[in-house]
Number of protein chains: 2
Amino acid sequence: MAVDRRRLILDAATKSFSMFGFKATTMDRVAKLANVGKGTIYTFFTNKEELFEEIVSTLVKEMIAQAEATIRPDKSFSENVQQVLAKLLEFRTTHVLMIKLLQEEKEIGTPAVLDMLNHIEDEIISYLKSKIDAATQKGYIIQNDSEITSFLLLKTYVSLVSDWERNHEPLSSEQIANIIKFYLMKGLSS
Amino acid sequence: MAVDRRRLILDAATKSFSMFGFKATTMDRVAKLANVGKGTIYTFFTNKEELFEEIVSTLVKEMIAQAEATIRPDKSFSENVQQVLAKLLEFRTTHVLMIKLLQEEKEIGTPAVLDMLNHIEDEIISYLKSKIDAATQKGYIIQNDSEITSFLLLKTYVSLVSDWERNHEPLSSEQIANIIKFYLMKGLSS
DNA sequence: CCTCTGACTAAAAATCAAATTTGGTCACTT
DNA sequence: AAGTGACCAAATTTGATTTTTAGTCAGAGG
């Protein structure tokens, strides 16, 4: 096997999705970029959506791996939650594909992109939930419903980072950390 | 003055906005409904937006009056917050104009409507803030920043009522009340 | 006078057919 | 068997044409 065509296609598609978004990325362009016949793409992926899905799936793994890497077992649960949220949210502003997806969703409202963003949100909540469940198990926090807690954690974080800016000066990460600690963590501390 | 033409126009426009939304309401239709020449509308309102604004402004006043009416001085601050939020959110599902605006924003994305919804949100937050400030003054709660508190209260409430339903069974008002109390109120209690 | 009107206009939006683009296939090459 | 690109039906874009609409204003009516 001289060249991994599947890899070539994934790399080319990732580049194109990042630069032009989902809608403006054509299968012809991906084929050209990957130096591959268009038909070859369809031997690895059943359609454009599935190709997109695989790439987003990798993106999510990358996100969670980076978040996971920030965890410091010597720090408190509350501080680690901060770290993880901060890292996850950083993706919004640094990762090119993520930026493009958020922009495409807002400006064009491509349905496939909305689906993916919802999917990403679900994955993040599910990851947070696993962390919260583990912390509950170990008695670090008290807990009613970890699903609701993770849901609210993410929603609150996103609100403070993006919605807040419509009417106010942006909040620093430190301010956000304090707010989350003040409102959401007090209820959880045992 | 036999008939209050301004009133006729406002009533007709309110009906039309409620039935057809902002975009599909034409000034001709409003004039017809109000039994008034089209030119007459422009003697009271400089343009369609301003007419709309006045109607939404009335809607907001109505909302806040209804919320205010649910306040029971003999109940706790926390319970009253619940009551007020519940009442405000009830508007989303009962008031015909509100329903139409939310639907138009989601489906067509009319910019003038988005502006109005943002405006409504701001008014609600400002109202909540005034209540929180009063409660802080009286020593019922402790408080860092009432602006952030009201912002988070509303955002959390809306998330629980609408976003939550994408993946879960809707929450009952009682459940929502408990969640808000558990997460947001503990930090506030003195 | 002064209020009110609806025919009028310029600009925006909807319509529709033709032209172009695009996702996906498959007969053929290597 | 793996890979390709010409090909096709379906979707999208274009642009010229028609229709609708916000806003105006000359004049009717009281």
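Letters A, B, ... mirror the listed sequences (proteins, then strands); counts begin at 1.
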B/D28 CG to D/dT21 C1': how many Å, rounded?
-> 7 Å
Lys/Arg cation over aromatic A/F20: A/K15, 6.0 Å, 45° cone = no
Candidate nucleotides D/dT4, C/dT5, C/dG23, ranked by approach to the side chain of A/T40 - the nearest = D/dT4
Phosphate-side-chain proximity, B/R5 and C/dT3, N/O vs OP1/OP2 below 4.0 Å = no
Look at all strands and tell whether A/T46 reaches a base, only sugar-phosphate, or nothing, counting heavy atoms closer than 4.0 Å.
-> nothing
Among C/dT22, C/dT5, D/dT4, the nucleotide that comes nearest once only the side chain of A/V36 is considered | D/dT4
Give the rounded distance in Å between these two atoms: CZ of B/F20 and C1' of D/dT20.
-> 16 Å
The side chain of A/K23 lies closest to which of these nucleotides: C/dG23, D/dT4, D/dT13?
-> D/dT13
In whole angstrom, what separates A/K48's NZ from C/dT22's C1'?
-> 8 Å
Yes or no on salt bridge (Lys or Arg N to Asp or Glu O under 4.0 Å) for A/K181 and A/E79, after CA distance, side-chain angles and deciding distance?
-> CA-CA 9 Å; A/K181 205 184 295 177; A/E79 275 171 302; 5.9 Å; no
For A/K32 and C/dT21, give me the distance from atom NZ to atom P, rounded to whole Å.
-> 12 Å
Salt-bridge contact A/K100-A/E107 (side-chain N to carboxylate O under 4.0 Å) = no
Separation of D/dA22 atom P from B/E49 atom CD, nearest Å, is 10 Å
Can you tell me the distance, in whole Å, between the CZ atom of B/F44 and the P atom of D/dA22?
-> 19 Å
Quick one: B/K38 NZ to D/dC25 P, roughly how many Å, whole number?
-> 14 Å
Cation-pi, B/F22 ring and B/K48 (6.0 angstrom, 45 degrees) | yes
Between C/dG23 atom P and A/E50 atom CD, what is the distance in whole Å?
-> 15 Å
Any B/R29 side-chain N or O less than 4.0 Å from OP1/OP2 of D/dT20 = no
Using the benzene-type ring in the case of Trp, are the ring centres of A/F17 and A/F52 under 6.0 Å apart?
-> yes
